[in-house]
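Each remark here refers to the structure printed beneath this line.
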Amino acid sequence: MTMKQKYEFDVLVIGGGHAGIEAAHAAAKMGSKTLLITLHLDTIGMMSCNPSIGGIGKGHIVYEISALGGLMPKLCTQTYLQARMLNTRKGPAVQGLRLQIDKYAYNRLSKQMLEQLQNLSLRMGMVEEILLDKNKKVCGVRLRDGTIYRAQTVVITTGTFLRGQIHIGMANYQAGRQGEEASVHLSSWLQQVGIKIGRLKTGTPPRLLRSSIDFSKLTYQEPDELSYLFEFSPHKVINTHPCYIAYTNQKTHEIIRKNRHLSALFNGSITSIGPRYCPSIEDKINRFPDKGKHHIFVEPESASSEEIYPNGLSTSLPYEVQLKYIRSIKGFENAIITRSGYAVEYDFVYPQQLSPTLELKEIEGLFLAGQINGTTGYEEAAGQGLVAGINAHLKHANKEPFILDRTESYIGIMIDDLISLGVDEPYRMFTSRAEYRLTLRQDNAFSRLMPKGYKLGLIDNHLYEVFCKDQKKIGQTFVQLRATCSKKELLELFAESTYDKEQIFKRTGKVLSSRVLRTIQAEIIYEPYLKREERDIKRVKQYKMLSLSQTLNYFGMSGLSCELQEKLMRYKPANIAQAALIPGMTPAAISLLIFKIQERIRHTL
């Protein structure tokens with residue numbers, strides 16, 4: 001092979017999906033000379049599955065990306081079709097903003113914004129090898145055409161492309177996404193250098209032609225009139241495209257049951273594990289045989305496309321079966337499939353091999369972000385990409401790493417879960433994963449994290465000044481309200497579902513934004529619980545690094561359930577912080593472990 005010219009950069013990012021976008025954007029904006037290498041420049045930011053961003057748990061991540069100066073929230077503001085706030089019947093801590101996105105506008109804008117970013121270059125190509133020096137430190141990458149790019153830090157964000165295999169019925173072929181080539185050599189390289197790799201699965205439903213659907217038979221989904229989206233600045237929401245709900249029925253289920261053996265999931269073609277909380281329709285029918293119907297969210301893909309996304313019908317059944325069960329659904333009787341649904345299997349890296357910065361422990365300078373770490377979802381990928389890109393820049397600049405704690409952010413929870421417990425199925429964020437979800441809300445994401453984003457150089461001076469004024473107004477309003485209202489009156493002013501703006505203005509003399517009002521409301525209605533969480537967080541920080549002996553035998557330990565004994569023996573947590581993450585772990589069990597450690601310390605004195 002003829003040696004090609006070498007090119008020098010500070011940070012290299014492999015992959016142009018949602019993780020790659022954030023990694024490249026963060027590194028370049030912080031001052032690193034950055035190169036984004038992707039298989040196709042025209043598919044940067046492409047939404048392979050549902051063109052929506054946010055939701056419960058996922059929306060919290062996007063707010064945090066916004067507070068840290070990431071790109072996804074800006075892209076959302078300019079490309080949304082419909083906005084809804086989910087879970088509004090519950091408290092503000094578990095609500096979630098969800099936007100239906102114009103996938104083609106998002107894709108185009110992603111490329112455009114990256115092209116205009118100082119310090120960032122884009123390059124189309126296939127990376128086949130990460131180059132290491134004699135000390136097993138990253139020193140660059142080699143492309144399939146022989147081109148070598150030099151850098152001391154590399155971020156891999158390959159999504160489903162590592163040895164990607166698409167399945168439709170009995171047919172299967174290599175691809176990272178329908179119509180796009182898989183990355184085979186990079187996956188082989190990871191294995192050759194000793195990285196432990198596994199296999200996961202995800203899927204997507206067939207797309208339908210808009211004009212072939214009878215929307216009069218479907219349930220209309222009311223959008224929400226909001227004054228803010230994911231960005232800090234207010235935005236008058238204009239919902240331009242309706243969304244609907246359809247339902248499967250017994251006939252649908254019967255068609256799927258009769259043809260289940262043709263699904264790649266059940267015929268032995270697929271051996272990997274898919275996402276439990278977003279299963280294929282054939283998997284749903286199999287797992288919930290007594291359920292008479294399932295929701296289908298009928299959503300637009302783009303203002304410039306006639307394709308509709310039937311969210312809830314992910315499948316790997318053959319095309320003929322897909323068409324048959326689709327047409328058994330009310331409103332879909334004459335539906336035309338424009339693209340078949342399919343399942344895709346791909347390689348991932350077991351994330352316990354990563355540090356909290358998302359750098360591989362065994363290969364200095366190599367960072368991983370997104371589905372390669374076992375997650376699923378655009379939001380989870382973007383959150384990881386942001387952290388990886390920040391840390392790739394900081395490593396190149398010989399500065400202290402950036403680590404988010406699980407007590408201060410959902411991104412921190414996700415990374416801590418991944419590197420401590422690993423995954424046995426694609427990881428998805430839920431508010432239930434947060435031990436302190438009253439503290440980690442959407443409305444206070446900016447107060448929690450924007451100072452960090454500003455310190456990193458990802459938030460500009462003007463925005464930060466506006467943010468500081470906003471925070472000052474919140475503090476002053478609290479003082480005024482508490483000076484003029486009893487606790488009972490405060491609770492009446494800020495009832496769970498709404499708040500009395502007129503009375504609040506009379507008492508404070510301030511016209512307050514809906515976000516400020518929502519933050520004040522949450523702090524008031526959750527006040528006693530927030531104080532309890534604050535005490536718990538302090539206690540966790542005090543004890544979390546207490547070491548647990550790797551030889552400790554938990555079997556038969558009095559006070560621990562048999563289930564927890566078994567899990568502790570399986571996971572072998574290194575400290576109390578890791579033990580607290582084990583599913584099913586209780587505060588009482590943690591207290592017992594702390595007691596055991598302290599008892600052992602006393603005996604050794």
Side-chain angles (χ1 to χ4, degrees), residues 10-11 13 18-34 36 45 53-54 58-79 97 106 109-110 112-120 155 157 228-235 357-358 367 369-370 378-397 399-405 408-412 414-415 440 442-471 515:
D10 302 329
V11 176
V13 178
H18 304 278
I21 287 171
E22 295 297 342
H25 176 264
K29 195 167 182 183
M30 292 173 74
S32 282
K33 185 182 177 185
T34 305
L36 172 65
I53 286 178
K58 288 172 173 283
H60 289 69
I61 290 177
V62 186
Y63 272 105
E64 292 178 357
I65 292 169
S66 186
L68 291 168
L71 196 55
M72 178 176 271
K74 298 180 178 69
L75 295 168
C76 286
T77 301
Q78 297 183 52
T79 62
L97 176 62
Y106 191 99
L109 186 61
S110 297
Q112 180 185 331
M113 292 186 78
L114 292 181
E115 285 175 331
Q116 295 171 354
L117 186 62
Q118 190 176 359
N119 298 321
L120 179 63
V155 185
T157 68
Y228 286 89
L229 294 178
F230 291 117
E231 291 190 86
F232 183 82
S233 301
H235 178 83
T357 63
L358 296 180
F367 297 79
Y378 311 135
E379 304 86 353
E380 289 88 344
Q384 293 172 71
L386 179 60
V387 171
I390 289 169
N391 280 304
H393 163 80
L394 293 173
K395 188 170 189 71
H396 168 74
K399 294 183 178 179
E400 287 296 309
F402 175 70
I403 296 172
L404 286 169
D405 192 90
E408 64 183 348
S409 71
Y410 273 85
I411 297 174
M414 171 176 59
I415 293 173
L440 306 180
Q442 287 187 151
D443 65 85
N444 70 356
F446 298 104
S447 62
R448 287 187 280 117
L449 297 177
M450 192 170 272
K452 294 178 184 289
Y454 179 69
K455 187 177 179 182
L456 289 166
L458 293 170
I459 299 294
D460 63 49
N461 290 333
H462 173 71
L463 177 58
Y464 195 66
E465 287 173 9
V466 176
F467 160 76
C468 290
K469 289 177 182 177
D470 203 60
Q471 294 299 294
R515 184 178 57 235

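- Around atom CD of Gln118, no more than 12 heavy atoms belonging to other residues, nucleotides or ligands sit under 6.0 Å away.
- Ring geometry for Phe467 against Phe232 counts as perpendicular: the plane angle is over 60°, on a 0 to 90° scale with 30° as the lower cut.
- Contact annotation: the side chain of Leu386 never approaches that of Leu71 to less than 4.5 Å [non-hydrogen atoms, C-beta and beyond].
- Within the model, atoms CE of Met450 and CG of Asn444 stand 12.5 Å from one another, a figure rounded to the nearest 0.5 Å.
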Worksheet entry | Criterion side-chain contact (heavy atoms from CB on, under 4.5 Å) on Met72 and Phe230, from CA distance to verdict | CA-CA 9 Å; Met72 178 176 271; Phe230 291 117; over 6 Å; no
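- Proximity of Leu229 to Cys76: side-chain heavy atoms (C-beta onward) are nowhere separated by under 4.5 Å.
- In terms of heavy-atom proximity, Ala26 sits nearest to Gly389 at CB-C, 4.3 Å.
- The closest side-chain heavy-atom distance from Asp470 to Arg515 is below 4.5 Å.
- With contacts defined as side-chain heavy-atom distances shorter than 4.5 Å, the pair Thr34/Asp10 does not qualify.
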Discussion item. side-chain contact (heavy atoms from CB on, under 4.5 Å), that's the test. Do Leu456 and His393 meet it? Break it down for me.
Written reply: CA-CA 10 Å; Leu456 289 166; His393 163 80; over 6 Å; no
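- Nearest heavy-atom pair, Ser447 versus Gln471, reported as atom, atom and distance to 0.1 Å: CB-OE1, 3.1 Å.
- Phe367 is not listed as a side-chain neighbour of Thr157, based on a closest heavy-atom distance of 4.5 Å or more.
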Discussion item. Under the criterion side-chain contact (heavy atoms from CB on, under 4.5 Å), I'd like the reasoning laid out for Leu458 against Ile390: C-alpha separation, chi angles, the key distance, then a yes or no.
Written reply: CA-CA 9 Å; Leu458 293 170; Ile390 289 169; 3.8 Å; yes
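- Summarising the geometry, atom CG belonging to Leu463 is positioned 8.0 Å from atom OG belonging to Ser66; distances are rounded to the nearest 0.5 Å.
- Minimum heavy-atom separation, Ala28 to Asn119: O-ND2, 3.0 Å.
- Within the 4.5 Å cutoff, no side-chain heavy atoms of Tyr63 are placed close to those of Pro73.
- For the pair Leu358 and Asn391, the minimum side-chain heavy-atom distance is 4.5 Å or more.
- For the atom pair Tyr378 OH and Ile53 CD1, the distance stands at 8.0 Å (nearest 0.5 Å).
- When all heavy atoms are compared, the tightest approach of Leu75 to Ser110 is CD1-OG, 3.5 Å.
- Here CD of Glu64 is found 12.5 Å from CD of Glu379. Values are rounded to the nearest 0.5 Å.
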Worksheet entry | Check against side-chain contact (heavy atoms from CB on, under 4.5 Å), Leu394 and Met30 | CA-CA 9 Å; Leu394 293 173; Met30 292 173 74; 3.9 Å; yes
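- Residues passing the salt bridge (Lys or Arg N to Asp or Glu O under 4.0 Å) test with Glu22: none are found, sequence neighbours excluded.
- Scanning all heavy atoms of the two residues, the minimum distance from Ala67 to Ala445 falls at CB-O, 3.6 Å.
- If you take CG on Leu449 and OH on Tyr410, they are separated by 12.5 Å, rounding to the nearest 0.5 Å.
- Summarising the geometry, atom NZ belonging to Lys455 is positioned 13.0 Å from atom CG belonging to Leu68; distances are rounded to the nearest 0.5 Å.
- Between Ser409 and the choices His60, Arg448, Met414, the side-chain contact (heavy atoms from CB on, under 4.5 Å) rule is met once, by Arg448.
- Within the 4.5 Å cutoff, the side chain of Leu36 has heavy atoms near those of the Leu120 side chain.
- Not counting sequence neighbours, Glu465 has no partner by the side chain to side chain contact (heavy atoms under 4.5 Å, CB included) test.
- Contact between Ile65 and Gly383 at its shortest, heavy atoms only, is CD1-N, 3.6 Å.
- Taking the centre of each ring, Tyr106 and His18 come in below the 6.0 Å mark.
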